[in-house]
Amino acid sequence: MQLKILGTQSPYNTAGHNCPGFLITDEDAKLMLDCGSGSHRMLNYPQDLENLNVILTHLHRDHYNDIYNLQYASFVFHNQGRVIKPVQVYMPATPPEIYKDISGEDNAYCEYSEIHKDRTLTVGKINITFLPVTHPMETYAVKISDGKSTIVYTSDTSWLSNQDISAFAKDADILISEASLLVSDGFPEVNSHLTAKQAALIAKQAGVKKLIITHFWPEKAPQQFVDEAKEYFENTFAANEGDIYDL
Ligand SMILES: [Zn+2]
Ligand SMILES: [Zn+2]
């Protein structure tokens, strides 16, 4: 499998930094995790639209804003005969008005279905499972495995889910964890997001090989989050647009 970082920032994109997005490829299988503001421009059109599967981990704008760009691109390229297979979009059923807004888009060449805790997806040789996590709306962590290597993505979550995520991510090769906050921000330990320290503690509890932290506040340097995390989990890296990890 190969992991490419498409977006690392929240709540808005700036020059060179997009909102959350990750592309996982394995031979012909293509999986995009989240489609945040600016992330879709990291795709190669039209070829990346063919056989593309998109998982929206929750329906907060920073994770789905670019699905509309992707939908329209798929519509136009399909009309030109350059994309044959509809893009598969998987997302939580709630909030229902957002699910309806995305899935009701006319100018799109996509098919839609719901994710839930018991759903398992198979994309090529990749097996995908979901874990509900604590966040102000229905949100899922995602586990991706090709039988040899495993990647787990926390999506957005809170410390309340630390034990569930640690068990879900047990011995994974890569844990991609949100780390929106720093301890020095002074927020309560249980928040709607994780600090870099909390992401590192989850990585340690899970015994993962590598931690990639992401979902950075635009006004802060990613290195600040890495410095905080490394005190608790040494093998930590900041997600960076365009970076590629081969597994
Ligand atoms: Zn969120
Ligand atoms: Zn977010």
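When reading the values below, keep in mind they use all heavy atoms of this one structure, side chains included, and skip hydrogens, waters and symmetry mates. This is a predicted model, so every value here is computed, not measured. Just follow the structure's listing: the first ligand is 1, and inside any ligand the first atom is 1.
Taking backbone and side-chain atoms together, H193 has no N/O/S atom less than 2.8 Å away from the Zn ion (ligand 1). The Zn ion (ligand 2) has no N, O or S atom of E178 closer than 2.8 Å. Taking backbone and side-chain atoms together, H215 has an N/O/S atom less than 2.8 Å away from the Zn ion (ligand 2). In summary, no N, O or S atom of H60 is located under 2.8 Å from the Zn ion (ligand 2). Metal site remark for the Zn ion (ligand 1): D62 contributes no N, O or S atom at a distance under 2.8 Å.
Distance alone, capped at 3.5 Å, places no donor-acceptor pair between the Q71 side chain and the S103 backbone. At distances below 3.5 Å, not a single donor-acceptor pair connects side-chain atoms of E178 with backbone N or O atoms of T154.
Shown are V123, V83, L23; of these, the side-chain contact (heavy atoms from CB on, under 4.5 Å) with L52 is made only by L23. Between L175 and the choices V152, I213, I151, T150, the side-chain contact (heavy atoms from CB on, under 4.5 Å) rule is met once, by V152.
The nearest N/O/S atom of H63 to the Zn ion (ligand 2) is NE2. For D156, the N/O/S atom at the shortest distance from the Zn ion (ligand 2) is named OD2.
Of the inter-residue distances, the one linking H58 atom NE2 with M91 atom CE reads 14.0 Å to the nearest 0.5 angstrom.
Counting heavy atoms of neighbouring residues, nucleotides and ligands inside a 6.0 Å radius, atom NZ of K204 does not exceed 12 of them.
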